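Okay, so here's the structure we're looking at.
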Amino acid sequence: GSDKALNPFAPKPTVVATIKPLALLAQSIAGEDFTVVTLLPPNANPHALAMTIADRQRLDDASLVLWLGAGFERFLAKPMQQRRGAQLELGSLEGLNWPAKSPADLHLWLDPHNIAQALKAITVELTLIEPLNRNVLDQRLASALRELAQREQAIQRELDAFKNVPFAVSHDGYAHFVGAFGLNQLAAATRLPEEQLSARRMYELQKSLAEASCLVVEPGDHSGVKLAKVLGVPAVEVDPLGRAPEITSITTLLQSLTTGFKHCFNPRNRS
Amino acid sequence: MPDFLINALLAAFAIAAVAGPLGSFVVWQRLAYFGDTLAHGALLGVALGLFASINVTLAIVLCCMTLAGLLFLLQQKPSLGDDALLGLLSHSALAAGLVSVSLMGSSVDLFAYLFGDLLTTSRNDAYLIIAVCGAVLGLITVFWRKLLLMVIDADIAKVEGIPVNLMRILLLMAIAIVVAFAMRVVGVLLITAMLIVPAAASRRLTTSPEAMAAGAAIIGAGAVAAGMWASFYYNTPAGPSIVLAASGLFLLTLLKRRQ
Amino acid sequence: MPDFLINALLAAFAIAAVAGPLGSFVVWQRLAYFGDTLAHGALLGVALGLFASINVTLAIVLCCMTLAGLLFLLQQKPSLGDDALLGLLSHSALAAGLVSVSLMGSSVDLFAYLFGDLLTTSRNDAYLIIAVCGAVLGLITVFWRKLLLMVIDADIAKVEGIPVNLMRILLLMAIAIVVAFAMRVVGVLLITAMLIVPAAASRRLTTSPEAMAAGAAIIGAGAVAAGMWASFYYNTPAGPSIVLAASGLFLLTLLKRRQ
Amino acid sequence: MLATNHPLSHSAQSPLIQLNNINLSFNGNPILQGINLNLNKGEIVTVIGPNGAGKSSLVSIIVGLQTPTSGDIQRKAKLRIGYMPQKLTIDPQLPLTTQRFLSLCGKSAALKTAVQRLDIECLLETPVQKLSGGEMQRVLLARALMSKPELLVLDEPAQGVDVAGQAELYHLLGQLRDELGCCVLMVSHDLHIVMAQTDQVLCLNKHVCCHGAPESVSQHPEYLQLFGKKAAEDIAIYTHNHDHQHDIHGDVVEPGQHNCQHDHSIHKH
Amino acid sequence: MLATNHPLSHSAQSPLIQLNNINLSFNGNPILQGINLNLNKGEIVTVIGPNGAGKSSLVSIIVGLQTPTSGDIQRKAKLRIGYMPQKLTIDPQLPLTTQRFLSLCGKSAALKTAVQRLDIECLLETPVQKLSGGEMQRVLLARALMSKPELLVLDEPAQGVDVAGQAELYHLLGQLRDELGCCVLMVSHDLHIVMAQTDQVLCLNKHVCCHGAPESVSQHPEYLQLFGKKAAEDIAIYTHNHDHQHDIHGDVVEPGQHNCQHDHSIHKH
Ligand SMILES: Nc1ncnc2c1ncn2[C@@H]1O[C@H](COP(=O)(O)OP(=O)(O)OP(=O)(O)O)[C@@H](O)[C@H]1O
Ligand SMILES: Nc1ncnc2c1ncn2[C@@H]1O[C@H](COP(=O)(O)OP(=O)(O)OP(=O)(O)O)[C@@H](O)[C@H]1O
Ligand SMILES: [Mg+2]
Ligand SMILES: [Mg+2]
Ligand SMILES: [Zn+2]
């Protein structure tokens, strides 16, 4: 009702995605028929976001809200409970792959299989909103899935040589990628960035990471960089959120991750 | 006006109304640290609530009330100042919360529980806040004179037959309950700041305790209105904007030279 | 002993040593809230530092020192208690930090800055901490008598020719600097708790200011040792374990009946 | 009645408060020892004694702020006590005018009377925290009056009150006793006034040295030891002629131990 | 010298402190008006006056804690001041024995002398916060002495001190003046002692009512107005016979306004 009145210049239905990877997913299906909005600023922390009124208004105005789940975008838990409009909680989709070691990890867009599931679900939701565009949407889905499959194979080939190279991560956000491509992750230092280490854990990490090629950290994870320094392994930045502006699709995001991990595995690539 | 804005304003005004008088007592009794202590206690509450698998809000409320009780007991030993006691409780509760999370290998990020957001208030949340704030406001009004006599001088009050200890625990519990309920709905920052900042601003303008309490409520309400407007106009987060608006009002009162 | 443990212990013992005397002043001067205020100020410092693209540690130190200066100025208007002033500054700084982050669309997770981790202290970090703590400890020792006279009664001290205002700002700056440097290395919780808890525990055992300061340092060191051991043995996070150990020592002192 | 041999228990009606063999000690140091005391309606009882004698502690016990280490207290049911402590510090953060401070504890009619009585109209708008030492004493007395107490307890009420005010204060206490028929218990160092205005004097130095009417007390050997012979005669302090007898006055602290109650042996003559 | 016509400026040496036309007001209320005062070595000067007369305020200005609204103060270079405030509250969280408290401001030899002088050996181990009212006054005086001050400023030093202690305190102040040759400035309500022990009396009631030697002051009309004729004669308060002349004493507040300085008109006879 009042949503349209507050936003008269948006003739196209909007899809609000919480973070950039989800926006990339939505964009590949939505094309020009929807306005896709990313709720979080490129580098904000989804764990502790304080919304502005405009953010809140965007949520209410959205035809579809695309998010991962209360375990990831905590600030959305309550608004989504109350929401009457369409929402797609990717974390609760059927038929997803979950990594064995950290079954609750919601960085699920790092696994091509999950990406495919998500794309399909998004197509269903968008079709419900704009039934007349069904054909176009289906075509976009098909081409997106094709591109994804190709990229997956290419990455598989690229990473094959490094399957046994041991490495560690600072905080457990890469499990889906690691699982999908069968990489040899020795350990994750912490589950969450805020978590503090125990002396025992530190001791064990130091022993088990003796042969690790690197510690993978997110951009801006200063504690991770410090940890790597103390443990005596190089820190390599890999960005699961694809913050870099040249990342414009989910496949380029996967590719950038691959490049990042190769930096870790291949000492010559590191500076 | 969109629904979420109505809910947010309802909750924020209710909090401003009760935070005025309650905050005045906080300032008089030097309990400014108490809000933070309760927030840290809430962390422990969440951890224990998950452990004992009881309702998390209930666990938080229980934990906050326990902290209020502990503070009351420690206050009976007069060798430490209130601020040091609160600091002690605050840090111990936070540390205990962090340790128990780690021990339980709990899968929730406890900090999330501390960051409510005013703009995500639902209508039911707003009603809950209004009910809690109304009840506490009623209690304070009923016991106003006794509470005030206790603040002025506990010894004289005691001799004159006022149940000083009861009043003290009533005050601590009232603060604990308001903070515990409001925290999850509107966020720790907003509720703890609303207790202190408007009362501090009002202190500089008024000459009677009643005026200070009422003034604090009015300044709080003004800060809510101004902060919400700023949040809309400058696209800033709502809670922090309200707090900044209140601080701005305090700065304005510094211009007043007298007293 | 692994390197990381040596570094951590070096840093933690240095902090315990300076936090003993400094924390005693914090307790006497009712500044327990100051640590938290500085932590919140650090958030603002990070945001502004990124904005002005200066070194973040420098920005934090500057911001903390500004807060100390502000507190000093506000203390000159005696109509508000220290705790209310600190609460005001604390919440305003936090709100300002959150708002400026939001306005700048800043690229760092500010909360990470607040949760340093003792165990990731590098050798250079440890040296830095030791240097800062040593310098502050030296300053306090040199001005001990004057600081103490100021604490006892500022008026008498002033008449006797002690530069009371200078001493006061010295104390606030010393706290600000120790907290600002230590915060990024060992985490906010550890440094702020180490200021209050050992001093509070020591208060109950001692009968002279010097003994209280020294006792606080010793209790702090004991808590570091016990906490580290527990962290290793029970696999609990190091910083919070040390804080809990200190709280445990405080509880032990409650058993002592006298005084 | 336990304290039948007690000179203060002469009244026929039942006393307002009855202390039986009260002892108080802090950390093992005895502060009060074996105190027996009855307070009756219409009496003015003054407690005198050197610094640290335990006068304030006794008052705390009587008003119920301090629990004695041992002994028994009996209070008349629902006794209305007006209390004026030795010192009072009110938080400067509380905005409170004298008017409001007084109005907190009684009706406006009572306020008006009390204010007129103590001549403090012009202080009504002043914040209580800004009152000068003597002004505060007057306001506290007004406050204690307003509640129409049956027992009025004052710990050094004349402290810091100016010369003229002191005389009037004691005069006023006498009037009050007559009008309200209340009992007044006060602590004072002002022997002149005490002797002139008091019904009963209790001379305290950890134990009760002596008690009774002023005339009888001022002849009592223990009183003479405490305050010097000359003081008893003309109560003129500055002409006080030292009598070194007092260096050990019959104090019941552990025997053999030097008694440390500042027996005014400062000027070694 | 500006204040040449000032009776207190009789000394030949240059004064320790010289106040010229000092005014002080809070929020527009005048507290002190046109005060001229010289303090010289070896003098005992007592400030008397009713409650709220501004005595403590004047003392604050002299020791440098309060800045006057207008007027000029000249201090001897590097003047050592010993100060004893009207009240002192020490944070209970500070563990501090009396011994340590005293030792903070002087050598142990000076401490020993001061402690013996004031007979407070037995208080040395007591925490300062636990001292009784009068005990604290003694300790504060000991403290003020230890620094061998050139100017000793005491705001109602005898407040709460017991009868015997008072006499000795004033006696001691006289001795000190002789030994150290210091100037003693004190505020007191105790006219008896003031008149007996003081060189110069300053009678204050916002403005300086009168000043000079005790004998001359006690004959001064303004003094008589403030304290009553009888008081001037025998300084015996309890026989004080009221003289209603004093209801308006020549105060320099806004003319026509009722002067609100508690002109002890409480007992309307
Ligand atoms: N809480 C306490 N702990 C330890 N000692 C105490 C405490 N309170 C009082 N005392 C001691 O008890 C003694 C009596 O104190 P009290 O205040 O009753 O004396 P007082 O007779 O009122 O003296 P004054 O005339 O100076 O007011 C003093 O020596 C004092 O040091
Ligand atoms: N900071 C202040 N603000 C406003 N008024 C004040 C302040 N300080 C003192 N006064 C007022 O100034 C007057 C003089 O106060 P002062 O303390 O100097 O009196 P005093 O002569 O020492 O009285 P007393 O004999 O009772 O100690 C009083 O009426 C008091 O209320
Ligand atoms: Mg006493
Ligand atoms: Mg005074
Ligand atoms: Zn003698």
Side-chain angles (χ1 to χ4, degrees), chain A residues 1-7 39-41 44-62 65 69-85 102-106 171-173 188-202, chain B residues 1-9 11-12 43 46 56 94-95 97-99 101-126 184-190 227-244:
Chain A
S2 64
D3 297 356
K4 276 250 154 56
L6 269 179
N7 206 351
L39 192 63
L40 260 72
N45 178 8
H47 307 321
L49 182 80
M51 275 190 285
T52 68
I53 292 185
D55 292 338
R56 189 67 181 82
Q57 189 66 58
R58 257 183 234 132
L59 273 186
D60 273 12
D61 291 346
V65 175
F72 196 90
E73 305 100 330
R74 291 167 209 123
F75 65 98
L76 276 186
K78 261 201 302 182
M80 289 302 106
Q81 253 171 29
Q82 301 155 33
R83 182 176 167 82
R84 267 157 289 164
S102 40
D105 184 0
L106 276 170
H171 106 257
D172 211 0
T190 57
R191 276 163 290 128
L192 298 160
E194 296 92 61
E195 200 177 32
Q196 297 192 313
L197 288 162
S198 77
R200 160 94 64 85
R201 180 102 187 91
M202 193 72 184
Chain B
M1 197 152 44
D3 247 21
F4 73 85
L5 218 58
I6 298 178
N7 295 343
L9 285 174
L43 192 69
V46 173
V56 173
L94 183 55
L98 289 173
V99 167
V101 172
S102 154
L103 281 181
M104 284 188 263
S106 159
S107 63
V108 233
D109 174 12
L110 295 168
F111 288 89
Y113 281 89
L114 296 183
F115 286 91
D117 190 331
L118 182 59
L119 293 178
T120 63
T121 314
S122 70
R123 187 53 62 96
N124 283 343
D125 285 341
R184 292 209 55 199
V185 176
V186 302
V188 165
L189 174 65
L190 188 65
M228 278 301 210
W229 174 85
S231 169
F232 194 83
Y233 200 81
Y234 295 110
N235 198 23
T236 52
S241 303
I242 293 177
V243 176
L244 271 192

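Proteins come first, then strands; the chains are lettered A, B, ... in the order of their sequence lines, and each starts at number 1. Note that this is a predicted model, so its numbers are computed, not measured.
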Distance-minimising heavy-atom pair for [X] and [Y]:
X	Y	result
B:Pro237	A:Thr52	N-CG2, 3.5 Å
B:Leu119	A:Arg56	O-NE, 2.6 Å
B:Arg184	A:Lys78	O-NZ, 3.8 Å

So what's closer than 4.5 Å to chain A heavy atoms on [X]: side chain, backbone, both or neither?
X	result
B:Thr236	backbone
B:Leu5	side chain
B:Asn124	neither

**Fill in**
Of B:Ala238, B:Ser122, B:Ser241, the largest count of non-hydrogen pairs under 4.5 angstrom with chain A goes to B:Ser122
**Complete:** Separation between CG (B:Asn235) and CG (A:Asp55), nearest 0.5 Å, reads 6.5 Å
**Min side-chain heavy-atom separation B:Phe4-A:Ile53 under 4.5 Å** =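 Side-chain contact under 4.5 Å: yes.
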**Asked** Is a donor on one side and an acceptor on the other found under 3.5 Å between the side chain of B:Asp117 and the backbone of A:Phe75?
**Response**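 No; zero donor-acceptor contacts below 3.5 Å.
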**Message:** If the condition is side-chain hydrogen bond (donor to acceptor under 3.5 Å, both in side chains), which residues does A:Arg83 pass it with, not counting sequence neighbours?
**Reply:** none
